[in-house]
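Both ligands and their constituent atoms are indexed starting at 1 by order of listing. It should be emphasised that the depicted structure is a prediction, and the values quoted were computed from it without experimental measurement. In what follows, every heavy atom counts, from backbone to side chain, and hydrogens, waters and symmetry copies are set aside.
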Amino acid sequence: MQISKEQIQLVNKKVEAGHESQFNFLAQTLDSKGVDVNAVVKKLADFQVAIPSWALGAGGTRFGRFSYFGEPSNLEQKINDVGIIHSLTQTAGAISLHIPWDVPEDYNAIKELAAANHLVFDAVNSNTFQDQKDAKESYKYGSLSNVNKGVRDQAVQHNIDVVEIGEKLGSKSLTVWLADGSNFPGQNNFQTAFQYTEDSLKEIYTSLPEDWKMFIEYKPYEPNFYSTVIQDWGTSFMLANACGDKAYTLVDLGHHLPNTNIEQIVATLMMKGKLGGFHFNDSKYGDDDSTVGSVKPYSLFLIFNELVYGMKNNPQNPYPAWMIDASHNIKDPLEDLIQSLEAIQEAYAKALLVDQKALKEAQLANDVVVCQELLQEAYRTDVRPLLREARLKSGGALHPITAYRSLQVRESLIEERGKYAVASGL
Ligand code: LRH
Ligand code: MN
């Protein structure tokens, strides 16, 4: 099932007039404040976020999983679903694969299918947090940090294999997230676990092609509930520095203890040239993997405010990788991902409206009130007409969720795939 440009134009027809007046009104208002509206719209249109291949089916918890019918049951159908999201939003031009959940059988066919859906392959993700049925060694007590060299070697080799798969697809980065850690005090020697992890990452790093990056993702807990080897940004930062220039820290928004100031972490990593990218999601308590911007939209805005500042003032930091990492327990996965993309675009657009020059002046004058006024002036601006204009210019839907429903996409997918197809992944 694909959505044609014509179908989208037809759906847009009904709402175009309304959009035009809203956009023109906002454009006039912003223009009077010296904002280059066309530049903002272009930046939004160019901002592409990778969709995780493991989040196209219904997620679940240990307490249960409620299928969403018509789920993709193979890589081809997953690429097709990302294609549907991209045709409607024009901001999801990439897919991030998880290995071994998504090992291509026919690489050329998969690359052609991705190209036909205007998609590229973003970071490939290794998986040393689950045992594969034919595996020689178990990761029960860790992978790259395991006290058993045979297990570490197996995990290193898996990451090297994942890079080879990525190379065949045109991917340019490897994401390493380790579940490694302990459930009880005394179970692990923290220093030994850290050193084994550093040595193992260095081995993987030496196998990286010249133009590749390695993203080291940190997480404070789960599935281990006493310690995690790569528990926070500082640990990931140290390991990235130990590996070399091609290694960076990856920030998953859900991987922070409550009330952590994530925007400050982002600013520090950019200043040090080690911010590799993001896994966008939202959370109230733990690694909830909820819809982006659904719980803490102001925090997301503050993160993008640091990103906009860093992308202008920190040439030492490469252009970050933008990816979503979410899990859908009760929503249609495609609608959930469309809502996440909207929230990311909205936070970015609001951050682009911050008068950085006036903010700098107010900061130098310690005019705290004006500092907050400047941020909230931008945050309180309804930027949705800018997002719609960017989509319209790129051939997308003005209202993607409305279009998704009026085109009966889920019904067609159920028709095509049958009710009980189940997607691999989390
Ligand atoms: C770990 C994580 C990691 C993925 C997994 C699917 O919580 O965020 O990025 O490998 O989710
Ligand atoms: Mn993640």
Would you mind running through ligand 1 and noting each atom that sits below 4.0 Å from a heavy atom of [X]?
X: His279; result: 9 (O)
X: Asp252; result: 8 (O)
X: Asp287; result: 7 (O)

(Q) Looking at ligand 1, is there an atom of it that comes within less than 4.0 Å of some heavy atom belonging to Glu222? (A)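 So Glu222 does not count as touching ligand 1.
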
Q: Could you tell me if any non-hydrogen atom of Asn125 lies under 4.0 Å from any atom of ligand 1?
A: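 Checking ligand 1 against Asn125, which is what was asked, there is no heavy-atom contact under 4.0 Å.
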
Q: Could you tell me whether a side-chain N or O of Glu416 sits under 3.5 Å from a main-chain N or O of Met1, the two making a donor and an acceptor?
A: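 Judged by distance alone, yes, a pair lies under 3.5 Å.
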
**Q.** Sub-2.8 Å protein N, O or S atoms surrounding the Mn ion (ligand 2)
**A.**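 Correct list: Glu217 OE2, Asp252 OD2, His279 ND1, Asp325 OD2.
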
Q.
Can you confirm whether more than 12 heavy atoms, excluding those of Arg410, are under 6.0 Å from its CZ atom?
A. yes

Q.
Are more than 12 heavy atoms, taken from residues, nucleotides or ligands other than Glu415, located less than 6.0 Å from that residue's CD atom?
A.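 No, the 6.0 Å shell around CD holds no more than 12 heavy atoms from other groups.
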
(Q) Test your reading of the structure: does Trp54 have an N or O sitting under 3.5 Å from an N or O of ligand 1? (A)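 Such a contact does not occur with ligand 1.
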
(Q) Below 3.5 Å, N or O to N or O, backbone or side chain included: is there any such pair between Trp177 and ligand 1? (A) no

Q) Going by the ring pair (Phe, Tyr, Trp, His ring centres under 6.0 Å) test, which pairs reach into residues 209-245, not counting sequence neighbours? A) Tyr218-His256

Q. Side chain, backbone, both or neither: which part of His98 has a heavy atom under 4.0 Å from ligand 1?
A.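 Only the side chain of His98 comes within reach of ligand 1.
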
(Q) I need the contact type for Asp289 against ligand 1. Using non-hydrogen atoms and a strict under-4.0 Å cut-off, is it side chain, backbone, both or neither? (A)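 Within the 4.0 Å criterion, Asp289 makes no contact with ligand 1.
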
May I have the list of side-chain donor-acceptor pairs in residues 305-315 shorter than 3.5 Å, sequence neighbours left out?
residue, atom, partner, partner atom, Å
Asn305, OD1, Gln356, NE2, 3.1
Asn313, ND2, Tyr309, O, 2.7

Q) Would Lys246 and Glu210 pass as an ion pair if we require N to O under 4.0 Å? A) yes

Q. Got a sec, which pairs hit salt bridge (charged side-chain N to carboxylate O under 4.0 Å, His left out) with one end in residues 215-239, sequence neighbours left out?
A. Lys219-Glu222, Lys219-Asp287

(Q) Under 6.0 Å from the ring centre and within 45 degrees of the ring axis: does the NZ or CZ of Lys350 meet both conditions for the six-membered ring of Tyr379? (A)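 Yes; both conditions hold, so Lys350 lies above the ring face of Tyr379.
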
(Q) Can you confirm if the NZ or CZ of Arg388 lies within 45° of the ring axis of Phe23 and under 6.0 Å from the centre of its six-membered ring? (A) no

Q.
Measuring centre to centre across the rings, with the benzene-like ring taken for any Trp, is Phe304 within less than 6.0 Å of Phe301?
A. no

